[in-house]
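First comes the structure, then the notes that go with it.
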Amino acid sequence: MSTTRTDPQDPGAPGGAGVLETRLIDIGREQFAGNVWGRTALLTRCAGDFSDLFSAAAVDELLSCRALRTPFLRVAKDGSTFPDSSFTSSAGVGATIADQLDDTALWRSFADGATLVLQALHRTWEPVSAFTTRLSTELGHPVQANAYITPPQNRGFGDHYDVHDVFVLQIAGTKRWIIHEPVHPDPLRDHPWTDRRSAVAEAAKGGAYIDSVLEPGDVLYLPRGWLHAAQAQGEVSIHLTLGVHNWTRYALAEQLVQAALAALREDPEMRRTLPLGLDGPSGEIDAIRERVTAAVAEADSTALFHRTRRGQGRAAPLGPLAQLEAVENLGPGSPVRLRGALEARLEGSRLTTRVGWLDFPEADLPAVARLLDGAVHTADALGVDLTRRLLRAGVLVPAGQ
């Protein structure tokens, strides 16, 4: 038995319009999937108001009040990235860690035209974290978030491409984006644009695919490999970049080969030493190729795929004090639900999640399978002892959390 969590209240669940359709694009999901996704750039005007996700006030709070450390910030100007030491310092008695953000140094750099890049906002700003989790669930690909804060008439980076898809959400101010088609379509993670500087520079001289100014509420989608450069206009520009770290056919091929190689390790014939005095392996290649082909044909990389996917994200936040209170006050009517973003999967008698795995006796399996629907359940419906165990494991959380 293999069961994966499907939450009917999740906007990424089949049959429901999620954040992709309601907040990022003005075409249907099917049209986006068939004609745009991974194929071409798309500019959506007036997609919505993103002030609930991020704002200028959020920027100031993160930079001056949260004691962020590197690498949660980069500073760049005209394509060059500043050394961390130029904008970090110790925070004094009781907080002497040397790589905390120095808001005075950041102000001076920003006033001098530098772009501030708040990295990994899906870990530091809850509204963005919740949004990226929902989008990742819908897309089936991991999503992370950065914010770019650029002074008027400046830009942080020149023409380049990313090795992941992006959704650009204009939050405040305006920014001119110039987009060109790829010089290297569908680059993998180890195909950075810096390996193709000359081709990128030459392509950027040609006619643009898109040359437009984004205003607050606009969204730009770019598949990986599409060239882009952006410059703030007459006021400070703030935009969010949601980076989609695409699963590719090549990545699945890697998973399949890894599973096949793991099987071949258990094949005594493959572990044999090659003949003494062998002058080149040509005589062995055909036999080995035959065994490798058979191993790939028989390999099941499903478990490896899910394990890797679980490792690419984090479970939803869990408050230790609220969790302790839920355990101590647990009663038959206590409402609980599956913790969000667990990537929970029941395979046989084992539940695997992003926070570990648990084995269950046969009698508990129907209740465990039931809780994977993501709905709210009472402790007596699941079994009070089972509920307590899952609360302690961080798999279930109080329904109000």
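Fair warning: this is a prediction, and the values are worked out from it, not measured in the lab.
Under the 6.0 Å cut-off for aromatic ring centres, H180 and Y209 do not qualify, their centroids lying 6.0 Å or more apart. Ring centroid separation for the pair W226 and H160 does not come in under the 6.0 Å cut-off. For an aromatic pair to be called close, the ring centres must be under 6.0 Å apart, and H245 with H141 fails this.
Salt bridge status for E269 with R271: absent, with no side-chain N to carboxylate O gap under 4.0 Å. Salt-bridge annotation for D218 and K175: absent, with no side-chain N of the basic residue lying under 4.0 Å from a carboxylate O of the acidic one.
The backbone N or O of G18 lies less than 3.5 Å from a partner atom in the side chain of T22, making a donor-acceptor pair. For T132 (side chain) and S129 (main-chain N/O), a donor-acceptor pair under 3.5 Å exists by modelled atom type. Side-chain atoms of T308 come within 3.5 Å of backbone N or O of L304 as a donor-acceptor pair.
Residue pairs meeting the salt bridge (Lys or Arg N to Asp or Glu O under 4.0 Å) criterion with at least one partner in residues 60-85, sequence neighbours excluded, are E61-R66, R69-D99, K77-D112. Applying the salt bridge (Lys or Arg N to Asp or Glu O under 4.0 Å) test to pairs two or more places apart or on separate chains, those with a residue in residues 182-211 are R176-D211, E202-K205.
Side-chain contact between D385 and D364: absent, with no pair of heavy atoms (C-beta onward) separated by less than 4.5 Å. Side-chain contact check for Y250 versus Q255: every heavy-atom pair is 4.5 Å or farther apart.
Counting all heavy atoms, side chain and backbone alike, V168 lies closest to H239 at CG1-CD2, 3.6 Å.
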### Task
Would you sort out whether V219 and L43 count as a side chain to side chain contact (heavy atoms under 4.5 Å, CB included), showing the intermediate values?
CA-CA 6 Å; V219 177; L43 175 57; over 6 Å; no
### Query
Checking side chain to side chain contact (heavy atoms under 4.5 Å, CB included) for the pair R108/S86: CA distance, chi angles, key distance, verdict?
CA-CA 10 Å; R108 290 169 179 167; S86 70; over 6 Å; no
### Task
For side-chain hydrogen bond (donor to acceptor under 3.5 Å, both in side chains), just list the numbers for R345 and H306, CA-CA rounded to whole Å, side-chain angles, deciding distance to a tenth of an Å, and then say yes or no.
CA-CA 9 Å; R345 185 176 178 84; H306 286 290; 3.3 Å; yes
### Task
Let me see the working for N154 and F110 under side chain to side chain contact (heavy atoms under 4.5 Å, CB included), right down to the final yes or no.
CA-CA 10 Å; N154 281 274; F110 185 70; over 6 Å; no
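A cation-pi arrangement is absent between R23 and F167 under the rule of less than 6.0 angstrom and at most 45 degrees off the ring axis.
Note on ring orientation: taking the six-membered ring where Trp is involved, the planes of W247 and F305 are tilted (angle from 30° to 60°).
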